[in-house]
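Before any comments, here is the structure.
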Amino acid sequence: MSNAHFPILSLMILLPIAGAVAIGFCANIKLVKTIAVAAASLGLAASLWLVYSFNPDDGGLQFIEHHAWIPSLHVEYLLGVDGISVLFLPLTAILTLMSIVASWRSPTHSRLYFSLLLCLEAASLGVFSALDMVLFFCFWQLTLPPLFFLTGVWGLPALRRNAASKAILVSIFGSLPLLFAIIILAVNHAMQINGHLPLDLSFSFPVLLETQLPDHLQGIVFVLLLIGFATKAPLVPLHTWLPQVAMAGPAPVTALLIGLKLGIYGILRYAMTLTPSAAVEYDWLLGIIGAITLIYGALLSLQQSNLRRLLAFASVSHAGLVIIGIASLNMQGIQGAILQLLNFTLIMAVLMLVAGFIQHRLGSTDLHHLGGLAQAMPKLTGFYFLFMLASIGIPGGNVFPAELLLVLGALQAHPSLGITALTGAVLSTACLLAFSRRAFLGASTRANRCANQDLRPRELILLCLPLLLMLFGGLFPNCLLGINQKAAEVWLTRLLDQPGMEGDELASWTGAP
Amino acid sequence: MLIPLLPMLAAVVIVGGLLFGVLPNGRHENLTTDIATGSLTLSCLMAMALLGGDLLGKNHGYFSTGQWLSSDSLVIRINFTTNGLTVWLAALWALLLAVISRFSIPALRQTGGLHRFCAGLCLFTAALMLLVLSANMVGTLFGWLLAETGGYFLVAQAYQRPQATENATRVLLTQRLGNIGFLLGISLCYAWTDSVNWAQLQASAPELSIGQATGISLCFAWAAFAKAAQLPFTPWLGRTLDEPVPVSLIMIHVGVFLIVSLDALFMQSPFARAVLGLVGFATTLYGFIVGKTQTTQYSAWLFAALAQVGLMFVECAFGLWTLASWHLGANVIVACLQRLTETDARLGSTPPQRVVGVRWYLLSLQHFWLEQITDWALVKPVRGLAQDLSYVDDRIIDQMIGLPSTGILPIPAFAEESHPAVTMPIAQSSGLAGKLTEWLSALLHWFEERLVLRHSSKQTSTYLRQIGYIINQFELLILRPRYLVLFVCITFLVAF
């Protein structure tokens, strides 16, 4: 672990909050937007500096910030990142910046809207950098109010109330087992050191990693954490809020929501490492959940006639793919999962933004109102096809190396899961191609009437940023893999190098003869 | 490296021009043409120079420019093979594609969409060069997938016509099925030889057991069958007739290239060679019979080329690798030049029945119903399953979670048979917890009302009959063929 000389993580969290507060004192909407973009840009710059300063050869935690928060309960303000979490910070910053820019022209968005977007960014950054479980839980919960209001106030009138309520209720339902698991972990720490409650409670993630959790508790905590994070991932059957929010919420908000895979990050970061024995023991369960989610999401995508709903189900499907990668418990699987989380979510978020552009122009993203968009909006169609093809794993795009690693990892560990992943990839291709054909190609229908509404310069520039990132991730995947290589090794060692694990069992996971 | 890179750069420049409005439709076509033909010509010249170097013995045989991806022991380098069959084929295909670009671009000026065509052709050329020259499987897969994408755009050149786009989608999806075999092959190679380089696989082939060699061979054979339009993947080839240039004719030969370049591996597995031979022979027969009954020149040539490709697989099965290589080169030249130099025309009025017999004639007219069989065996069950799952998601899971979405729900496969649910909510609630409470309350209420207070009554028997009806419906549902097949698949997957 290395401590931070400069509190860069706190600064990253505070910048959007400062922006949100500044917006509160500003009446001019143009100035509000400028402040929002400035705050998001500064956050992005800070996150890029963080990545630049990050030492990839150190598999431990870096940029640690440690302050006492509630001393009587040993709750601390503890922040830090490692190779697994560090890249999620710039991703969050980029997605927020894109969402703000994409919302620029909408006349209905008030200053509260931009404030809430910045608050959501701050809370998400907190989730990715918190190392104290209570602090993590606080940030986790703080993502809910902005989401509720953004969807409930600026969503489609007919659907927004239900969608916002449902997203919140499901998330709160997931928070309960999460909180319960955190309490069990903290109490267990006190019991392991023969201490007294509440004086010897510990919520510190590094401390809990070193604390032995009895076998009978490992399974319980693992399942509780899994349920808690599955609601946000989302995994089947707790996924139903996402398609609803995708239909009802403003497209930039939905893009941000799809892009921030907080739930899967939670599984990767906390559920697996805090309960390593249970994670290895119930690895098959995780794999089956991933496989079901993958195929279920892909099959439901085939049935969708609305682009936003389709993208939501495609996102659910790919969450399943990432879970399969995590369940592989090998380097290719875990690195592929991290890469997929970063790359695919970026692509899905951009596709959702493109869906928002279509919604803004035509008033709908439903197939009944689309058709032949390529003739009326060639630039928009071109960008859509580039990102769509990247999402199905066409080489050159950033999803290809991630899926390659994931599939190879899954096939090495569980051939059946690998074959399921390949089947899911074909189904995803089928649904996206079939929809794109009917919506964008063929004879134009309504789109002809708005032939002069192709992408505007600001939108073009907005889409260029993810396009460059997509090409960079596809052509130079080693740059991203190099950052998380050591951390992934540490993660894997923690799971597979346990005292109780037998040699032949370990060999079966690592593939050694 | 420049051989695939130049056409790729040309494709990127043209696509960039299209995206940013620099190359609007119908304008600056000369610039696009110059970029495309220039890059293809340069690429062709460099491929020729590489071939010359190989003939003079100047090439080292291997060229690497760095690492693309590494994870644990998996290291994928950007490396190329610079001798042998790959160099010959690279030169041949680069030449053919350069000639194709010269022939076809003037015609495309009249039909429109020249920018898209040039971008697609450059992309296809780059992919083909990468596929042929790459020294590792992932590089070949890179080109393999990009070639499919280039082919997709070329088949969908007339994208305003729904049939063209449907054809393109079908072609791409069929080939994606074949990619499963390619990825499985890479995975098995990595597991058993700890490498993804072609040379390493060929060198390790004698040390592999027959089972291992058969496993890897069958995986790559599956990929090759899909790419070469062998049975049962043949229907995609018939859907490429509208493409402006004969890239599909080249594409079907790529499958043979894959098999020929794995000769040492296939020699280790008699079973895999037998499969090659059987599939090749069946496809040859298919191509011969269907080709005889075609009514246009282009389609007749297409199936003739397919029959020849089937023969190449048969040659591979008998271990005649050199013959298959020469056959590959000769056939691709003849097929492409035929297509380029002759115009399409209706064939003469010779009664086809006299050529193949009435029964075969009827079969061949329908292409042996292969596409319909595929639809029935694969597409229809998947769609049915998706429809049923959609119903379950909307009507059961979504309702169970609470606050269900409103709007038009898809009609399920079994909606007409289902009865409306008989519910008497005691209290309105939302969310899982709320619903659970409501259901528990309703259940207790029902128990007390119907069974405790009224004892046996007509109402009770009605409820029981309804439960029986629901159970019967469920049984009927799971006995549908698609669910039986699904259960069998799941059983196999779990056992695997």
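Residue numbers start from 1 in every chain, and the chains themselves are labelled A, B, ... in the order their sequence lines are given, proteins ahead of strands.
Contact annotation for L386(A): only side-chain heavy atoms (C-beta onward) come within less than 4.5 Å of a heavy atom of chain B. Both the backbone and the side chain of V426(A) come within less than 4.5 Å of a heavy atom of chain B. Looking at Q332(A), the atoms closer than 4.5 Å to chain B (heavy atoms on both sides) sit in the backbone and in the side chain alike. Looking at L441(A), both its backbone and its side chain come within 4.5 Å of chain B, counting heavy atoms on both sides. Proximity to chain A (any heavy atom under 4.5 Å) is shown, for L188(B), by neither the backbone nor the side chain. With a 4.5 angstrom heavy-atom cutoff, L427(A) touches chain B only via side-chain atoms. The part of C464(A) that comes within reach of chain B is its side chain, from C-beta onward, which places non-hydrogen atoms under 4.5 angstrom from that chain.
Of the possible donor and acceptor atoms, none in the side chain of S390(B) sits under 3.5 Å from a partner among the backbone N and O of A386(B).
Counting all heavy atoms, side chain and backbone alike, V407(A) lies closest to A421(A) at CG2-CB, 4.3 Å.
For the salt bridge (Lys or Arg N to Asp or Glu O under 4.0 Å) condition, the pairs that include at least one residue of residues 153-177 of chain B, sequence neighbours left out, are R161(B)-D242(B), R170(B)-D375(B).
The greatest number of non-hydrogen atom pairs below 4.5 Å with chain B, out of A298(A), C479(A), S301(A), P237(A), is found for P237(A). The choice from L455(A), I392(A), I288(A), T381(A) that makes the most heavy-atom pairs within less than 4.5 Å of chain B is I392(A).
Taking CG of N398(A) as the reference point, atom CG of L339(A) lies at 7.5 Å (rounded to 0.5 Å). Note that CG of L172(B) is 9.0 Å distant from CZ of F153(B), once rounded to the nearest 0.5 Å.
Remark: aromatic rings of F142(B) and F400(A) are close, center separation under 6.0 Å.
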